Amino acid sequence: MSLAEIMLAALWLGLSAYVLFGGADFGGGVWDLLAGGTHRGRDQRDLVMHSIGPIWEANHVWLIFVIVLMWTGIPSVFAAITSTLYIPLTLAALGIIARGAGFAFRKASTDLWQQRLFGAAFAFSSVVTPFFLGTAAGAIASGRVPPGIAAGDVMSAWLNPTSAVSGALAVGIAAYLAAVYLTHDARRGRRQDLAEAFRARALAAGMMVGLLATAGLLVLRGDAPGLFTELTTGRALPLLVLSVAAGLVSLVLLWRRTYLAARASAALTVLGLLWGWGLGQYPWLLPGVTLDQAAATRPVLAATLGALAVGALITLPSLWYLYATFQRPTPSADQDRPHTTGDDTPASGRRRE
Amino acid sequence: MVQAGVVVADLAAARMQMALSLGWHIVIACFGVGMPAIVLFAEWRGHRTGDAHFRLLARRWARAMGVLFAVGAVSGTILSFEMGLLWPGLMGTYGEVIGLPFSLEGIAFFIEAIFLGIYLYAWDRLPPVPHMLSAVPIVMAGVASAFFVVTANAWMQQPTGFDVAGGRVVAVDPWAAMFNPATPPQTAHMILAAFMVAGFGMASVYAVAMLRGRRDRYHRLGFLLPFTVAAVITPVQVGVGDWAARFVADNQPVKLAAMEGVYESARGVPLHLGGVATGGEMRYALEIPNGLSLLAHGDPQAEVMGLNEVPARDRPPVNVVHWAFQIMVGIGVALLALSAWFGLAWRRRRDFPRSRWFLRAASLSGVASVLALEAGWVVTEVGRQPWIVYGVLRVSEAVNPAPGLAYGFILVAAVYAVLTAGTVYVLRLMARRPVPIAPQESDVTGEPVV
C-alpha cells in the first residue's frame with residue numbers, strides 16, 4: 001500500500017466511525033422528534049439524552065478528523081467538493097450548530113417551555129444535518145463534483161435523484177443505528193417497555209433502510225452506471241452482499257431480542273454499504289481524478305500519518321475508557337434511590353437508571 | 001485582482017462570514033482553554049481543604065463549562081467547513097501545507113471531548129482522585145489545541161516550508177510550516193489571552209454579585225480564584241505582547257505601519273495615540289516623539305518603514321488596524337493597572353481592595369478582556385490584508401467564486417444571532433439558580449444542585 005492509499009483508508013475509517021457513532025447520535029435526535037407529545041415521549045427522550053449525553057462530542061470529532069484529513073491528504077478534491085457543494089454543506093454545518101447547542105441548552109434548562117424549544121432545535125436539526133451530508137455524498141458518488149474550484153453546478157450537483165436517495169438513506173441509517181443501540185441501553189437500564197418500543201422502531205427503520213438502499217441501487221443504475229456496475233458485478237459486490245446479509249441477520253436478532261449482537265450486525269450492514277461505495281469508486285475520487293493525482297506530497301502524508309498513528313495510541317484507549325465508563329451500570333443503579341445521576345435534567349431524575 | 005466571476009459583494013460577504021464565525025468561536029474557545037484549569041484547581045482545593053464552597057464552585061463552573069464546550073465544539077466545526085466553503089483557493093493548494101497542525105489539533109480535540117464527557121458526566125461515578133485526574137488531559141489538550149490552531153494562523157502571516165511550481169506546492173516541509181517564525185510570539189500571546197479572558201470573565205460574574213451585596217465566602221472565593229489567575233498573567237501578557245509587536249515590526253513592516261498610521265519611511269518615528277488616517281497622512285493624533293522607533297526597534301533613531309513603500313493595493317485598511325491596536329493596548333494597560341491595584345492590596349492585607357470602584361472595574365474586566373481579544377485578532381487578521389497568505393496569495397484569489405455567498409452570510413448571521421441569544425440566556429439562567437445556603441451533601445454525591 002502506498003502512503004496515499006493508507007491515508008485514504010484512514011479517511012474512510014474515520015468516516016465509518018463518524019457514521020457508526022456520530023450517525024447514531026443524529027438518529028437519537030430523529031427518535032426524539034418522533035417520540036410524540038411532551039408527556040408520552042418523555043421516557044424515550046430521557047433515554048436518548050442519557051445515552052448520547054457524555055459521548056456525542058467525542059463522536060462528533062470524527063467529522064473534524066475526516067474534514068482535516070481531506071484537506072491535508074487530497075487538498076484539491078476537498079476544495080472542489082466544498083466549493084461546488086457549498087449550499088448543502090453550509091446547511092449541514094448550521095444544522096450541526098443547532099443540534100449541539102440545542103442539546104446542551106436543553107440539558108441546562110429547567111422550565112418545560114425551554115426544554116421543548118431547545119429540544120425541538122435538537123430534534124429537527126438531527127434530521128436535517130444527516131440529510132444534507134447525505135446529499136453531498138450522493139453528489140460525489142454520482143460524479144457531479146468535477147475537479148476545479150466551483151466547477152460544478154451549485155444547485156443540480158446536490159438536487160438530483162442520487163443525492164435525494166442518499167440524503168434519505170443517511171437519515172434512515174442514523175435512525176436505524178440509534179434504535180438498535182438504544183434497545184440495549186434500555187434493557188441495561190431495566191426498562192423493558194422502552195426496549196420493546198425501540199425494538200419495534202429498529203425493525204421498522206431496518207426495513208426502511210433496506211428499501212431505501214434498494215431504491216438507491218436502482219437510481220444509481222441510471223444516474224451513476226459505473227458505480228452501479230462495480231457494486232452489482234464488480235469488486236464491490238462482496239461488500240454489498242455482506243451488507244444485505246448483515247442487515248437481514250440484524251432483523252432476526254432484533255426479533256429474537258438479542259440486542260448486543262444486533263448492534264454488531266447493524267454496524268456491519270452500514271459498513272458494507274459505506275465500503276462498497278468506496279471500493280466501487282476507487283481509485284477515482286472525482287471524475288477524471290485518481291487518488292495518485294490528488295494526493296498530497298509525500299512528506300505531508302508521512303508526517304500526518306505518523307502524527308495520527310501516535311495520536312491513535314492515546315485516543316483509542318481513551319475512547320474505549322469513555323464508552324466503558326458509561327456502558328457500566330452506575331454505582332447507584334442497584335439501590336432504590338429517587339434520583340440518579342446528578343448531572344441530568346430534573347426531568348430525567350424521575351427515571352431510574 | 002479579483003478572479004473572473006467573483007462578485008465584490010460575495011467577497012465581502014465571505015470575509016464577514018469568516019470574521020463573524022471566527023470572532024464568535026475565539027471567545028468561547030478562550031473559555032475552553034482557560035476554564036478547565038481553574039475549575040480543576042477549585043475542585044482540588046475543595047478536596048484538599050474540605051471547604052465545600054470550593055467544590056460547589058467547581059461543580060457549578062463545570063456545568064457552565066459543559067455548555068460553553070458544546071457551543072465551542074459546534075462553532076469550531078463550521079469553521080473547518082468554511083475553510084473550504086469560503087476559501088477553496090487557499091485550501092485546494094495550501095491545505096496540505098497547514099494540514100499537520102490541524103491533524104494534531106484534531107487529536108487534541110478528541111482528548112478534550114472524551115475527557116470532558118468523563119469529567120462532566122462521571123462526577124458521581126468516579127472517586128475524587130480519578131475524577132480530578134480526568135480533568136488533567138482536558139487542561140493539557142485545551143492548551144495544545146490552541147497552540148496547534150494558532151501555528152496555522154502564524155503560517156498565514158509568515159508562510160514557510162514550501163515552494164510553488166506550476167500552481168502546485170512542492171518540497172513541502174510540514175514541520176517547518178508549523179514552526180514558522182511567527183509561531184512562538186503568536187501562540188504565546190493567544191494562550192495567555194485565553195487565560196485572561198477566562199479569568200477576568202469568570203471573576204466579573206462574582207464582582208457583579210458582590211456589588212449587589214452578596215459578599216459571603218462563596219462569592220468571595222468565586223471572585224478571588226479566577227481573578228488571581230488573570231491578574232498574575234496580565235503583566236506577563238504585556239511583555240509577550242511587546243515581543244509580538246517587535247516581531248511584526250521586523251517581519252511584517254506594512255502591518256506595523258498600518259497599526260501606527262506611518263506613511264513615510266523615516267528615522268526617529270513618533271508613536272501615534274488616537275488620530276485618524278485620512279488623505280495619506282495621520283491626523284489629530286497625539287504624538288510621542290521617537291516613541292515608535294524606540295518601542296518597535298529599541299532605538300529612538302531606528303528607521304520605520306512607511307505605507308508609501310508599497311502600492312495602495314497591497315496595504316491593509318489603516319484606520320481599522322490602527323484603532324484595533326489602540327483599543328487592545330489601552331485595555332491591556334488598564335487591566336495591568338487593575339491587576340497591580342489588586343496585587344498591592346493583597347500584599348498589604350491579604351484581601352482585595354475595599355473600594356467599590358475596584359469591584360466596579362473588576363465587573364467590567366470580563367467584557368474588556370473580550371474586547372481586547374477581538375481587537376487584537378482584528379490587528380492580526382485585518383493587518384494581514386490584502387493577503388490570505390502573506391505575500392503569496394491574495395484573499396480575493398482564494399475566495400469561492402460560486403454565486404450567492406452573500407445569501408449564505410445572511411443565513412449564517414441569523415443563526416449566530418439566535419446562538420448568541422441562546423448562549424447568553426442559558427448561562428444567565430444557570431447563574432441565577434440559587435446557591436444553597438449551607439453546603440449540601442449534593443456537591444459531592446452528585447445530586448442536582450438546585
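These numbers come from a predicted model, not from an experiment. Proteins get letters first, then strands, A, B, ... in listed order; numbering begins at 1 in each.
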Q: Could you walk me through whether A:Ile55 and B:Tyr121 pass side chain to side chain contact (heavy atoms under 4.5 Å, CB included), step by step?
A: CA-CA 10 Å; A:Ile55 54 171; B:Tyr121 284 82; over 6 Å; no
Point-to-point distance, once rounded to the nearest 0.5 Å, from [atom1] of [X] to [atom2] of [Y]:
X	Y	atom1	atom2	answer
B:Met430	A:Thr110	CE	OG1	10.0 Å
A:Glu57	B:Glu112	CD	CD	9.5 Å
B:Phe110	A:Ser318	CZ	OG	10.0 Å

Over all heavy atoms of both residues, which pair between [X] and [Y] is shortest? Give the atoms and the distance, please.
X	Y	answer
B:Leu419	A:Ala101	CD1-CB, 3.6 Å
A:Gln293	B:Arg168	O-NH1, 3.1 Å
A:Ala150	B:Asn400	CB-OD1, 3.5 Å
A:Trp71	B:Ser80	CZ3-O, 3.5 Å
B:Phe81	A:Leu89	CD2-O, 3.8 Å
A:Pro75	B:Met91	CB-O, 3.4 Å

Q. Under the ring pair (Phe, Tyr, Trp, His ring centres under 6.0 Å) test, which residues partner B:His131, sequence neighbours left out?
A. B:Tyr119, B:Trp123
Q: Assign the ring pair B:Tyr425 / A:Phe118 to parallel, tilted or perpendicular, where the plane angle (0 to 90°) is split at 30° and 60°.
A: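 Ring orientation of B:Tyr425 relative to A:Phe118: tilted.
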Proximal component of [X], with respect to chain B [non-hydrogen, under 4.5 Å]:
X	result
A:Trp56	side chain
A:Ala324	neither
A:Ile87	neither
A:Phe103	side chain
A:Phe78	side chain

Is [X] close to chain A through its backbone or its side chain, or both, or neither, when contacts mean heavy atoms under 4.5 Å?
X	result
B:Leu126	side chain
B:Val74	both
B:Val169	backbone
B:Thr423	both
B:Tyr407	neither
B:Ile118	both

Of the listed residues ([options]), which shares the most heavy-atom pairs with chain B below a 4.5 Å separation?
options	result
A:Val77, A:Leu85, A:Ile67, A:Val310	A:Ile67
A:Thr82, A:Val68, A:Val61, A:Ile64	A:Val61
A:Thr84, A:Thr315, A:Ile74, A:Asn59	A:Thr315
A:Val154, A:Ile81, A:Leu94, A:Leu69	A:Leu94

For the candidates [options], which exhibits the highest count of non-hydrogen atom pairs separated by less than 4.5 Å from chain A?
options	answer
B:Leu104, B:Ile107, B:Thr77, B:Leu85	B:Leu85
B:Thr93, B:Leu427, B:Leu90, B:Val415	B:Val415
B:Ala108, B:Ala70, B:Gly106	B:Ala70

Q) Taking it one step at a time, do A:Thr72 and B:Ser103 satisfy side chain to side chain contact (heavy atoms under 4.5 Å, CB included)? A) CA-CA 8 Å; A:Thr72 310; B:Ser103 304; 4.0 Å; yes
Q: Kindly check if the number of other-residue, nucleotide or ligand heavy atoms within 6.0 Å of CZ (A:Phe124) is above 12?
A: no
Q. Heavy atoms, side chains only, cut-off 4.5 Å: are B:Ile114 and A:Tyr321 in contact?
A.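 Result no, sub-4.5 Å side-chain heavy-atom pair not found.
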(Q) Any heavy-atom pair between the side chains of B:Leu429 and A:Gln114 that's under 4.5 Å? (A)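 A:Gln114 reaches B:Leu429 side chain to side chain.
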Q | Test log, rule side chain to side chain contact (heavy atoms under 4.5 Å, CB included), inputs B:Leu411 and A:Leu91 | A | CA-CA 9 Å; B:Leu411 183 66; A:Leu91 294 172; 3.7 Å; yes
Q: Could you go through the side chain to side chain contact (heavy atoms under 4.5 Å, CB included) check for A:Thr304 and B:Glu96 one step at a time?
A: CA-CA 9 Å; A:Thr304 307; B:Glu96 63 177 283; over 6 Å; no
**Q.** Residues of residues 170-177 of chain B within contact distance of chain A, non-hydrogen under 4.5 Å
**A.**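 Checking residues 170-177 of chain B against chain A gives B:Val172, B:Pro174, B:Trp175.
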